[in-house]
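Quick notes on the structure that follows.
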Amino acid sequence: MAGEFSLKSNSELSFYGNKKILPRSFYRRDTVTVARELLGHYLVHQSPDGLTAGRIVETEAYLQGDPACHASRGMTPRNRVMFGPQGYAYVYFIYGMYYCFNVVTRDEGVGEAVLIRALEPAAGIALMKSRRRREKINELCSGPARLVQAMGITREHNGADLTREPLFICHGGTMPAGIVTTTRIGIRAGSELPLRFYLRESAFVSKKEHKSHGKK
DNA sequence: AAGAAGATTCCG
DNA sequence: GGAATCTTCTTT
């Protein structure tokens, strides 16, 4: 079990209360379960510039053997973190200008991860606006590359331990209801698979209009 | 050595 | 609808 993390200021105290960092065992389970259960928890980053945090409202699962998964064709220098132990960050560069942030799941040797696609901004909103150069709240973290920018996540965080400061995920307090399942966004192969999950009531999902899959 | 594609975002 | 922009991996 991970312990309680330290509190560095009154403003952090007012946000955190006594929330707990998710333990490494949370991430060891099957990747679809982790993708669904990450919804409602908080991604937190204590950077030198200040604290930012957001409630996770949209995720996608990437599985070994799934052609859309970076690990589907074996380990390369880029994706090696996916094959490592669970509970670490996999950050990759895409389209010549953006980064995406994933959480590595399952045991060492299995290349699977959960892409975090959207957050509801919860703390450090002024800093998020500054990093994003956008004022609208729903343009800060609604999209995988947007939230990376708003949270101050960089390529240096590839391989970072998410059960410790300064970048971690902590318990959201309540179990959210109303998870919508759809196909994933922006991929070719594997586009039929129902591996995207988001909170139905959230106004901070990147795209609501997408092929819904079965259960609502 | 060269080429194509990419888990996106923003602007026109 | 299309450009921006460059790393990574695959193919010659």
Side-chain angles (χ1 to χ4, degrees), chain A residues 27 30-36 38-39 43 54 56-84 86 88-106 110-121 128-160 162 169 180-199 202-213:
Chain A
Y27 304 102
D30 82 88
T31 302
V32 168
T33 299
V34 175
R36 295 176 64 92
L38 277 171
L39 297 173
L43 177 62
I56 298 171
V57 298
E58 178 181 353
T59 62
E60 286 179 353
Y62 286 85
L63 311 177
Q64 201 158 286
D66 151 20
C69 180
H70 288 174
S72 65
R73 296 192 203 180
M75 188 163 64
T76 67
R78 176 174 71 159
N79 67 24
R80 66 179 170 75
V81 174
M82 293 181 82
F83 289 90
Q86 68 277 8
Y88 290 83
Y90 169 49
V91 179
Y92 66 89
F93 187 62
I94 190 72
Y95 296 129
M97 57 179 91
Y98 297 115
Y99 292 91
C100 290
F101 170 81
N102 299 252
V103 175
V104 174
T105 58
R106 302 195 53 180
V110 181
E112 302 195 354
V114 175
L115 172 70
I116 308 300
R117 285 195 56 91
L119 307 173
E120 175 178 345
M128 289 182 177
K129 289 180 177 178
S130 168
R131 286 169 171 158
R132 288 274 303 130
R133 296 181 188 167
R134 290 288 185 284
E135 285 298 313
K136 296 178 185 172
I137 303 295
N138 63 4
E139 293 180 359
L140 296 178
C141 297
S142 297
R146 288 174 168 183
L147 72 89
V148 162
Q149 188 178 26
M151 293 291 291
I153 294 169
T154 72
R155 63 193 319 154
E156 303 301 313
H157 292 102
N158 189 41
L162 297 174
I169 298 173
V180 179
T181 302
T182 77
T183 55
R184 294 170 295 181
I185 293 180
I187 58 171
R188 292 175 171 283
S191 61
E192 315 302 313
L193 301 172
L195 294 174
R196 172 174 176 251
F197 310 98
Y198 68 83
L199 295 181
S202 177
F204 296 91
V205 170
S206 66
K207 294 184 179 182
K208 291 237 174 180
E209 300 305 319
H210 206 250
K211 186 167 143 194
S212 188
H213 195 278

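Order of the sequence lines sets the chain letters (A, B, ...), proteins ahead of strands, with each chain counted from 1.
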Self-check item: Donor-acceptor contact present, side-chain A/Ser142 to main-chain A/Asn138, <3.5 Å
Solution: yes
Quiz item: Can you give the first and last nucleotides of DNA chain B, 5' to 3', that have an atom under 4.0 Å from a heavy atom of chain A?
Solution: B/dG6 to B/dC11
Quiz prompt | Beyond-backbone contact of A/Leu199 with A/Val205, side-chain heavy atoms, under 4.5 angstrom | solution = no
Self-check item: Contact state string [nucleotides 3-12 of chain C, B base, S sugar-phosphate only, - no protein heavy atom under 4.0 Å]
Solution: -BBBSSSS--
Quiz item: Is the shortest heavy-atom distance from the side chain of A/Tyr90 to the side chain of A/Leu115 under 4.5 Å?
Solution: no
Quiz item: Base, sugar-phosphate, or nothing: which does A/Ala68 touch, judged by heavy atoms less than 4.0 Å apart?
Solution: base
Exercise. Mind checking A/Arg133 for me? I need base, sugar-phosphate or nothing, with any heavy atom below 4.0 Å counting as a touch.
Key: nothing
Quiz item: Given A/Lys207 and A/Arg196, is the side-chain contact (heavy atoms from CB on, under 4.5 Å) satisfied, shown in steps?
Solution: CA-CA 11 Å; A/Lys207 294 184 179 182; A/Arg196 172 174 176 251; 4.2 Å; yes
Practice problem: Under 3.5 Å for both distances, Watson-Crick or G-U wobble, that's the pair rule; now give the dot-bracket for DNA chain B, with | marking pairs to another strand and [ ] for crossing ones. | Solution: ||||||.||||.
Practice problem: Anything under 30° is parallel, anything over 60° is perpendicular, the rest tilted; go ahead and classify A/Phe93 against A/Tyr99. | Solution: tilted
Practice problem: Take A/Arg106 and A/Glu112 through the test salt bridge (Lys or Arg N to Asp or Glu O under 4.0 Å) and record every step on the way to the result. | Solution: CA-CA 7 Å; A/Arg106 302 195 53 180; A/Glu112 302 195 354; 3.4 Å; yes
Quiz item: Is the side chain of A/Asp30 donor-acceptor paired with the backbone N or O of A/Thr33 at a distance under 3.5 Å, no angle test?
Solution: yes
Exercise. For A/Ala189 and for A/Leu147, find the nucleotide of DNA chain B with the closest heavy atom, then tell me which residue's nucleotide is more 5'.
Key: A/Ala189
Self-check item: Non-hydrogen atoms of A/Phe83 and A/Gly74 that approach each other most closely
Solution: CZ-C, 3.8 Å
